[in-house]
Number of protein chains: 2
Amino acid sequence: MLNARPGVREETITKVQEAVGRLGYVRDTYAANLARQRQYRFVFVLPEGPSQFAIALEAALQEAFSSHFADRTVLKIVRIPAHDPHAIVQILQGLQHLPLDGVALMAPETPQVRDAVSRLKESGLAVVALASDLPNTKRDYFIGINSIAAGRTAGLLMGRFARTGGEILVATNSMRSRDSLERRLGFEAVISGEFKGLKVLPSVESFDNPTRMEEIVREVTATRRRLVGVYSMGSGNAAILRALRRSGRIDDLVVIAHELTPATRRALEENEIAALIAQNVGHLARSALRVLRNLCDDRPIFEAQERVRIEIILRENLP
Amino acid sequence: MLNARPGVREETITKVQEAVGRLGYVRDTYAANLARQRQYRFVFVLPEGPSQFAIALEAALQEAFSSHFADRTVLKIVRIPAHDPHAIVQILQGLQHLPLDGVALMAPETPQVRDAVSRLKESGLAVVALASDLPNTKRDYFIGINSIAAGRTAGLLMGRFARTGGEILVATNSMRSRDSLERRLGFEAVISGEFKGLKVLPSVESFDNPTRMEEIVREVTATRRRLVGVYSMGSGNAAILRALRRSGRIDDLVVIAHELTPATRRALEENEIAALIAQNVGHLARSALRVLRNLCDDRPIFEAQERVRIEIILRENLP
DNA sequence: GTTGAAAAGAGGTACGTTCCTCAGATACGC
DNA sequence: GCGTATCTGAGGAACGTACCTCTTTTCAAC
């Protein structure tokens, strides 16, 4: 009666509404779901490969289930080859014919992916972009941090940590990714605006090739004597750190990287990395589940709760 | 049958357990609570007065209720005069005769409070210490950050942000509080261990008197020409900031404070405060509720989820 | 073997909700 | 006014669990 059953008189509705307000009734969502035998069927689409981030996210989802947070949800995790838009599209297509309520998607933004997402939406699924936004698609929600703000935070830290003027190396996997572009944008804006003594060098890219990254960093450290800092915007931290250690200059450089992984944690503990910009993966996972559920029941989303914080991690506040 | 009903044969128990394992049965906590008409009755004991922290915490609790996080929970918030141990004890005594399942307590540690907490425990309540730990009591759990680590984090930030050697002022409400002691301890350990050029001055205390604090800070800034930084460990940020602004030196000092409040937020935005050490109040509230519930049902506590992070907030990553 | 008490388990009801069924109400055409 | 078709709303079963009651089983003492 409380639900929009077709064929209830207007008058009755208002009468019920009024009584509801008067008695202070609040619906017991859980009893409702129990009665309805509600199941939330979600798929999480994550990049394949040995991505520490995806591993951590999967662990966080596991955690959500073990703590009854994800009761009444059935979850499937699908891995996609992050750099093959065609394959991604194919996999997303396949989802349309599954009995499914929602999809959380972490994929680089390409025109093909955009189209595939829009088609998912049209087939009635709830879709959230995870960690990396997909603007200009019909995705319902984005859960992750603002890349520009993350870059600005890194820039501010770099500027304050660097004790002398000099050059900053910015390294990433690929500048074709929107996240990298935005991080650099934010980083550079702060450095050039507030720290005149620092100069940000052109970004170097590894294109998923650790050896290549190691080689580039080796060369830069060898030739750029005025180098004072390194900002690693994406994956490939291990290779960068290896090259920096070899160069013998790691203790004199301010290194700032993204995401807490076993490698970055160790480097932080060893004072090799000065600071880490991270997002709480557990929060990301829970947010995605909560938002997807709310979308399915078309209930409102509590924006404040879903805002993912840009965390700064130093040696002393490692979680 | 699944619950420890007295008078079930050993053999039957193991048989059931086995079947449970085999079928992969997981209890639907919510259906159980529905059947049992479970109500969790908690009291949150918070310091009275215009504490921004308490206000934020209250808002966070409100939020938990509105997002169905706190379903089946009835909550009462009680304010205590933080500096009157006798009154605190009296209020805690009063709780024992209420129909109650658990208490979350934020109170300075004194012998009287310790005793009162132990008595609460003995009357069968679940008790968690909130924000400020109460060791050497029978409290079940502490939800908050490690003060020594928080102090160390502030120390590391101060050391790296200060561009020249000099003196650091440490201000607090009262060094009689364990939190202040520990924060200073951690702060000093890092500074004296790693930043030889910096010298931490003896702590100054306001004893809940903003005017006094303002006066002290005014004097220190006027006389200590080598002052390079201020670490505000507790409340009283507004008074400290006021004095620093008057001194005309605020732009040359590295100011680090605790907790995100309207005042500290503004100062951060204005570049008056360099960094803030904070804890996520929303997380604190949800953790407290979750832990209390688990304690009541004596279910295990998921430590990793309840660990409160030491957040570092700069101008660029303000939430 | 009988008795009786205690232990074990089976069965039914209730929790707050949804959804289905069915009966009563209403409207409409003749 | 009557029959029929459509609306409306009331009533009950079910969801997964707990808890109470009642019957059956077990076991010790005689």
Side-chain angles (χ1 to χ4, degrees), chain A residues 1-42 64-75 99 101-102 124 126 289-290 292-300, chain B residues 1-42 64-75 99 101-102 124 126 289-290 292-300:
Chain A
M1 185 198 284
L2 282 169
N3 307 310
R5 182 171 71 143
V8 179
R9 221 186 323 171
E10 196 61 41
E11 185 195 331
T12 318
I13 292 179
T14 51
K15 237 164 54 191
V16 169
Q17 301 278 3
E18 189 212 320
V20 162
R22 193 153 31 80
L23 298 172
Y25 165 90
V26 273
R27 168 204 252 100
D28 184 333
T29 325
Y30 215 97
N33 283 344
L34 178 64
R36 187 196 306 230
Q37 297 241 79
R38 187 74 162 95
Q39 285 262 80
Y40 299 94
R41 294 156 303 177
F42 299 148
F65 274 84
S66 73
S67 67
H68 292 271
F69 178 87
D71 281 358
R72 301 201 167 274
T73 29
V74 290
L75 192 66
D101 301 298
L289 289 170
R290 201 163 35 216
L292 281 173
R293 281 197 296 245
N294 284 4
L295 287 169
C296 288
D297 300 345
D298 48 356
R299 267 177 309 185
Chain B
M1 186 198 285
L2 282 168
N3 308 310
R5 180 169 72 143
V8 179
R9 221 186 325 171
E10 196 61 42
E11 189 193 332
T12 318
I13 293 179
T14 53
K15 237 162 57 189
V16 169
Q17 301 277 2
E18 191 210 322
V20 162
R22 194 152 30 80
L23 298 172
Y25 166 90
V26 274
R27 167 205 251 99
D28 184 332
T29 325
Y30 216 98
N33 283 345
L34 177 64
R36 177 192 320 223
Q37 296 242 80
R38 188 73 164 96
Q39 284 262 80
Y40 299 95
R41 294 155 304 177
F42 300 147
F65 274 84
S66 73
S67 67
H68 290 271
F69 179 87
D71 282 358
R72 302 201 165 276
T73 309
V74 292
L75 192 65
D101 301 298
L289 290 170
R290 201 164 33 216
L292 281 174
R293 280 197 297 244
N294 284 3
L295 286 169
C296 288
D297 300 345
D298 49 358
R299 268 178 309 185

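Below, read A as the first sequence line, B as the second, and so on, with proteins coming before strands; counting in each chain starts at 1.
Atoms CG and OG1, on B:Leu292 and B:Thr73 in that order, are 9.5 Å from each other to the nearest 0.5 Å. A:Thr29 contributes atom OG1, which lies 9.5 Å from atom CZ of A:Arg36 (distance to the nearest 0.5 angstrom). The distance from the CG atom of A:Leu34 to the CG atom of B:Asp28 is 6.5 Å, given to the nearest 0.5 Å.
Atom pair A:Tyr30:OH and C:dG16:P shows a separation of 16 Å (rounding to whole Å applied). Between the CD atom of B:Gln39 and the C1' atom of C:dG16 there is a distance of 13 Å, rounded to whole Å. What separates CG of A:Asn33 from P of C:dT17 is a distance of 12 Å, to the nearest Å.
Ionic pairing of B:Arg293 and B:Asp101 is not present here: no N-O contact between side-chain nitrogen and carboxylate oxygen is shorter than 4.0 angstrom.
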Between protein and nucleotides 13-15 of chain C, what N or O pairs are separated by less than 3.5 Å?
from: C:dC15; atom 1: O3'; to: B:Gln37; atom 2: OE1; distance (Å): 3.0
from: C:dC15; atom 1: O2; to: B:Ala35; atom 2: N; distance (Å): 3.1

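Under a 3.5 Å cut-off, the side chain of B:Asn294 and the backbone N or O of B:Pro300 do form a donor-acceptor pair.
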